Amino acid sequence: MPGLLIKNAFVIDPLSGVKGEVMDIAIRDGKIVEDVPSGAEIIDVRGCLTLPGGIDSHSHVCGTKVNFGRYMSPEDMRAGRTARKGVMHVTSGYSVPTTFGNSYRYSTMGYTTILEGAMAPLEARHTHEEFTATPHQDMLANTLFDGNWSIMDAVREKDVKRAAAVVAWTLAAVKGFAIKLTNPGGTEAWGWGGDMSSVHDTVPNFDVSPAEIISTMIKANELLNLPHSVHLHCNNLGVPGNYRTTLNTIGLAPDLNKERQSLYLTHVQFHSYGGTTWRDICSKSEDITMAINSRPHVVMDMGQIMFGRTTTMTADGPMEFKLYKLHHNKWSNHDVELETGSGIIPVYYSRKSLVNCVMWAIGLELALLTKNPWQCLLSTDSPNGAPFVKYPEIIALLMSRKFRENERKMIDQRTEHFVPLFAIDRELDWYEIAVMTRAGQAKALGLTRIGKGYLSPGAEADVAIYPIKPGEIDPSVDYQQVVAGFSRTLHTIKRGRVVARDGEVVVEGANSTIWSRAHVPPEYDMGKDPEFIKKFEQYYTVRMNNYPVQDVYLPRGIRIETEASL
Amino acid sequence: MKIEDVVCSFCGCLCDDLVVEVDGTRVVSVENGCTLANEKFLGDHRLKTPIRRSGNSWTKISYEEAIAETAAILLDADRPLLYGWSGTFGEAQSIGVHLAEILGAVIDNTSTVCHGPSILAIQEVGHPGCTLGQVKNRADVVVYWGANPVDAHPRHMSRYTTYCDGFFRKDAFKERKVIVVDVRETESSNIADEFMKVNPGGDYAVLSALRAIVRGKGDIIPARVEGVSREQLFRVADICKSAKFGAFFFGVGLTMAPGKNKNIRNAIELTEELSRHTKFTISPMRGHWNVYGSNEVFTWISGYPYAVDFARGIAFYNPGETTSVDILKREECDACLVVASDPGAHFPKACAEHLARIPTIQIDPHVNVTTHLAHIQIPVAVAGIDAEGTAYRMDGVPIRTRKLFQGSYPDDLVVLEKLYAIVKEAKG
Amino acid sequence: MRFLLNTGRTIKQGSFVERKNNPSYQVAAATILMNPVDMLEIMVEEGNHVRVKSDTGEVVLQVSPDNGLTRGRVFVSLGPYANHIVSPETHGTGMPDFKVTPVSIEPTDDPVLTVSSLMERCGGLPYED
């Protein structure tokens, strides 16, 4: 293979310090190289915006609850369907597309890596099955530990090392990537119909608090030297006044890692509400971003909502029931023994709803008020805030004050009294968008070590080339061109191969699943620990031998190995 | 050789604690299994080779011949139906959906005559459920409605409910109340703390009465509702409301009875109503060991759990029209591929007659009722015995079945992949 | 006499699902359970044959008593025999009325057909292994 040469690319590669230069990119054997021999295929992109492949650090695309979102929603399946065409399979679904639907749509938007936001360990095999049916992106799974009995026992006994050992065993068993805590303690309380109302509440029967779980897990994560930090969905999601819980949570985070953050807060829009009821809910984005701006060791993603129909799905079972009691549409719930929970309801975010308008403004404010773009990544918590196909519109809103002002005319006119959005002049630039959609994710997830998120020699050749010529358009004014440009790449290149072109997927694809394996000393091998084994013998309904996800489910697995400091 | 933690591929309980002793390619003993598991593992009544009907006789044919002729039949068909799938593993089901996609066929699984109505209800109102371990560890009230686990899911009660101790239920049999609701007495109703006998077709009204009581509208309940006394209705509602964790399981006694999907909707809405007072969950008692897997696989590929019609190029779903019984009854399909199920036994006669009329091909290890209606049958390895792959338990927990020995039969995946390759080649 | 037919799973039927040419499967699937008083009424004893007719079709089954059944109701295990009398109408749900088929039942001396001959009557060709 003589390789591939992308000529005249307008490159923004934040991790390599390239802030917008016209240059050539040489690719060979799936990697970025210094140069390629003559005879290489040449793609002249004539000054179009060229970025590392997009990385989504929090999206719900594969696994038990995602598939249940499809299963229970034929109306959503009908809302987005395409026939088999060329190498493309049939797709269905708008807010919860089928696996191929997700994969093709992400690919045509230039995304080459996706982190599934929540995988219950007991049901990990399902997530991995869907990963292999999402062929155009490398996949990673956040692994849920929020209601894990062995973890809560270790937390109660103040045994950080034991908590770390449980994480190491579980990630290796289920081929998970990182620690996810969703409403820590709340999912166990929901096993009895309860919830956590603050980080200092007590989990029934376990005598631990969310704050203790979070603190212990942050330390355990660093003992294991995992690539990513703890990935946290705070308590009290979606509750007016919850910004206090979020601030308390941010306050718990120590700075323990030189390379990246020590705590990642996801979909923070849903956690930045002031007021006391739905009547007086208001934005507390200023308080939240003030806390983030003073703590470089905390990173968040937006969790932007966009108007229209979508499906909410989360491991946060009690929250979904609260939401159901507001919406009265349909409600699914799925508690997972000894581990976690989940819930799903469809929603419609309306421009006519003041609450929804406030939520919409908060997400944008978080991005605009966070000084360092590496600390606020772009997300919708897809599909919770909106399906990921809305990302281009969000990018345009962040880049154009004019676009925001136009939207202001369309939404509930009272909104401006409850949010600071329209007083913010900031317009993000191409570089900041590149940080917020790939480089920042690569750094936050710790994926630069496997060559993700940048384009200098040695990197994985995941490249997105958009039909946007940054010198020729003013995103502040031509925001519709920004939307169109980010919706459809000229070329999406995955591991050195063009996989999508002009909105069409052109190859069948073959992805990898990335997981973490932390090596622990033998005395911390939970596979031999009598108490841990007892949980399987007595309380799980699946035998310990049948629990681990076999290698056959990861045909092209990439294992990130670490040595635990235990 | 004794193999531990073997997964039973009979019913939706997907018990994974069997100990099976194997001698060469023969199972010699099974421990921990129920009657159904023992029959499954110890039984050895396989069809030996592919067979084809030629006029009034059956002839043995090779796998290559059988697969080539199957491909030719499916390629020639205007409206092929691919039915079954619940008795095989996910990897094979996945090829099945892609085969349907490329053929423009209808693909349907056994939910269609089992919990299809439950799926329709879930699509209306959702499904508040949980994994079976939640029930085992927490439940103090268990309700079986229109289900007879002793016969259909023999270890359900001992692994997950009545007789199964859990973390918060150290003496389950004493701490846990069991309510059975059915139109007839069964082995299951005999061991219930409370048996509520309902008139046939009366489930919907009884569910509505319970909802009314839970909502505080009990004063409108008449003295008897479909055979159940007002006193008993109040007693049952009270047991449910005062539960710390209630688990509702329902069977085909609700999905097949008059009201069908509306019965299930009512049961789910009762669960939702109870969730406002305490913790309550609801779960269907799925029949085939991997019927839920077929729903899962169909859904992530096509968007729909069953009855998917690819004739328009896109995936189209309209139960009542694209469901197998309706298609066969209307004599609409002109070829049928049956995989890992037995519509000859389980569909009404009119459907069996149409299967005999058209070229029907069956991929199945055993001679069953459909065999007599088929044009070709291709025997395959038995998933969970000499083939392995992914299965989804009735609560959605995915478990990999084990292959206990290397036998001489190809498995479903091998046969379907060959079939798919021929069809793909022909379709370009 | 008119009865209401219910069908469902039984452990015997389940035990023989992989041996449907076996006479035991036939016994499991071709047995109709009746209340003993109803049996007296139509003058049949355990093991006698009855002809069961619905609007859809008819089939010969053998009788077995079941005290748990309310009078006027009968039960047959799901399978090819029951399906000879269940209507294929699904009322737009995909699901036939497996639980409530009105039938008439009368004694007969006709034999209970084997599974394969039952299918032969549907247009199939018996396969004997």
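Fair warning: this is a prediction, and the values are worked out from it, not measured in the lab. Computed from heavy atoms alone, side chains included, the values below leave out hydrogens, waters and symmetry copies. Every chain is numbered from 1, with letters handed out A, B, ... down the list of sequences.
Interface residue Val150(B): only backbone heavy atoms are found under 4.5 Å from chain C. Contact of Ser57(B) with chain C is made through the backbone alone, with heavy-atom distances under 4.5 Å. Contacts of Pro365(B) with chain C are absent, with no heavy-atom separation under 4.5 Å from either backbone or side chain. Leu120(B) touches chain C through its side chain: at least one heavy atom from C-beta onward sits under 4.5 Å away, while N, CA, C and O do not. Leu47(B) touches chain C through its side chain: at least one heavy atom from C-beta onward sits under 4.5 Å away, while N, CA, C and O do not. Only the side chain of Asn261(B) comes within contact range of chain C, with at least one heavy atom under 4.5 Å from a heavy atom of that chain. Using a 4.5 Å cut-off between heavy atoms, Ala350(B) contacts chain C through its side chain alone, with no backbone atom that close. There is no contact between Leu328(B) and chain C, counting heavy-atom distances below 4.5 Å. Within the 4.5 angstrom heavy-atom criterion, no atom of Asp182(B) approaches chain C. Contacts between Asn6(C) and chain B at a heavy-atom distance below 4.5 Å involve the side chain alone, from C-beta outward. Using a 4.5 Å cut-off between heavy atoms, Phe75(C) touches chain B through its side chain atoms alone. Within the 4.5 angstrom heavy-atom criterion, no atom of Cys34(B) approaches chain C. Using a 4.5 Å cut-off between heavy atoms, Phe347(B) contacts chain C through its backbone alone, with no side-chain atom that close.
Minimum heavy-atom separation, Gly287(B) to Arg9(C): CA-NH2, 4.1 Å. The two residues Gly55(B) and Leu125(C) come nearest to each other via the heavy atoms O-CD2, 3.9 Å. Closest of all the heavy-atom pairs between Arg73(C) and Val183(B) is NH1-O, 3.8 Å. Nearest approach of Asn83(C) to Ala345(B), heavy atoms of both residues: ND2-O, 2.6 Å. Shown here for Leu36(B) and Ser15(C), the closest heavy-atom pair between the two residues is CD2-N, 3.5 Å.
One N or O on the side chain of Lys260(B) and one on the backbone of Met95(C) form a donor-acceptor pair closer than 3.5 Å. Trp58(B) contributes no side-chain N or O that, together with a main-chain N or O of Glu128(C), makes up a donor-acceptor pair within less than 3.5 Å. The closest donor-acceptor contact from the side chain of Asp151(B) to the backbone of Thr10(C) lies at 3.5 Å or more, if one exists at all. Using modelled atom types, no side-chain atom of Asp326(B) and backbone atom of Gly92(C) make a donor-acceptor pair closer than 3.5 Å. The main-chain N or O of Tyr127(C) is found under 3.5 Å from a side-chain atom of His372(B) such that the two form a donor-acceptor pair.
Comparing Ser87(C), Pro88(C), Gly14(C), Gly79(C) by how many heavy-atom pairs each has under 4.5 Å with chain B, the most go to Pro88(C). For the set Thr70(C), Leu69(C), Thr56(C), the entry with the most heavy-atom pairs within less than 4.5 Å of chain B is Thr70(C). In terms of heavy-atom pairs under 4.5 Å with chain C, the best-connected choice from Gly251(B), Pro154(B), Gly116(B), Cys114(B) is Cys114(B). Ranking Thr323(B), Thr371(B), Val367(B) against chain C, the residue ahead of the rest is Val367(B), based on heavy-atom pairs under 4.5 Å. Between chain B and the options Gly68(C), Gly8(C), Gly57(C), the largest number of non-hydrogen pairs under 4.5 Å is found for Gly68(C). Per-residue counts of heavy-atom pairs under 4.5 Å with chain C were compared for Thr370(B), Asp342(B), Leu355(B); the largest is that of Asp342(B). Each of Val86(C), Thr93(C), Val115(C) has some count of heavy-atom pairs under 4.5 Å with chain B, and the biggest count is that of Thr93(C).
Proximity of Lys99(C) to Pro200(B): side-chain heavy atoms (C-beta onward) are nowhere separated by under 4.5 Å. Asp97(C) places none of its side-chain heavy atoms less than 4.5 Å from the side chain of Pro258(B).
To the nearest 0.5 Å, atom NZ of residue Lys349(B) and atom CG of residue Leu118(C) are 9.0 Å apart. Note that CZ of Phe98(C) is 9.0 Å distant from NE2 of His346(B), once rounded to the nearest 0.5 Å. Once rounded to the nearest 0.5 Å, the distance linking SG of Cys122(C) with NE2 of His354(B) reads 13.5 Å. To the nearest 0.5 Å, atoms CG (Asn368(B)) and CZ (Phe16(C)) are separated by 15.5 Å. Note: Glu39(B) CD to Ile11(C) CD1 = 9.5 Å, rounded to the nearest 0.5 Å.
Atom CE of Met1(C) sits in a crowded spot, with more than 12 heavy atoms from other residues, nucleotides or ligands closer than 6.0 Å. Around CD of Glu45(C), the count of heavy atoms belonging to other residues, nucleotides or ligands within 6.0 Å does not exceed 12. Residue-environment remark: NZ (Lys197(B)) exceeds the threshold of 12 foreign heavy atoms within 6.0 Å. Shown here is Glu187(B), whose CD atom has no more than 12 heavy atoms of other residues, nucleotides or ligands within 6.0 Å. Remark: Asp110(C) CG is packed, more than 12 non-hydrogen atoms of other residues, nucleotides or ligands lying under 6.0 Å away.
Judged by distance alone, the side chains of His45(B) and Asn21(C) never bring a donor and an acceptor atom under 3.5 Å apart. Donor-acceptor pairing under 3.5 Å is lacking for the side chains of Thr90(C) and Lys329(B).
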Exercise. Can you check salt bridge (charged side-chain N to carboxylate O under 4.0 Å, His left out) on Glu18(C) and Arg46(B), steps first, answer last?
Worked result: CA-CA 8 Å; Glu18(C) 289 173 356; Arg46(B) 316 256 190 120; over 6 Å; no
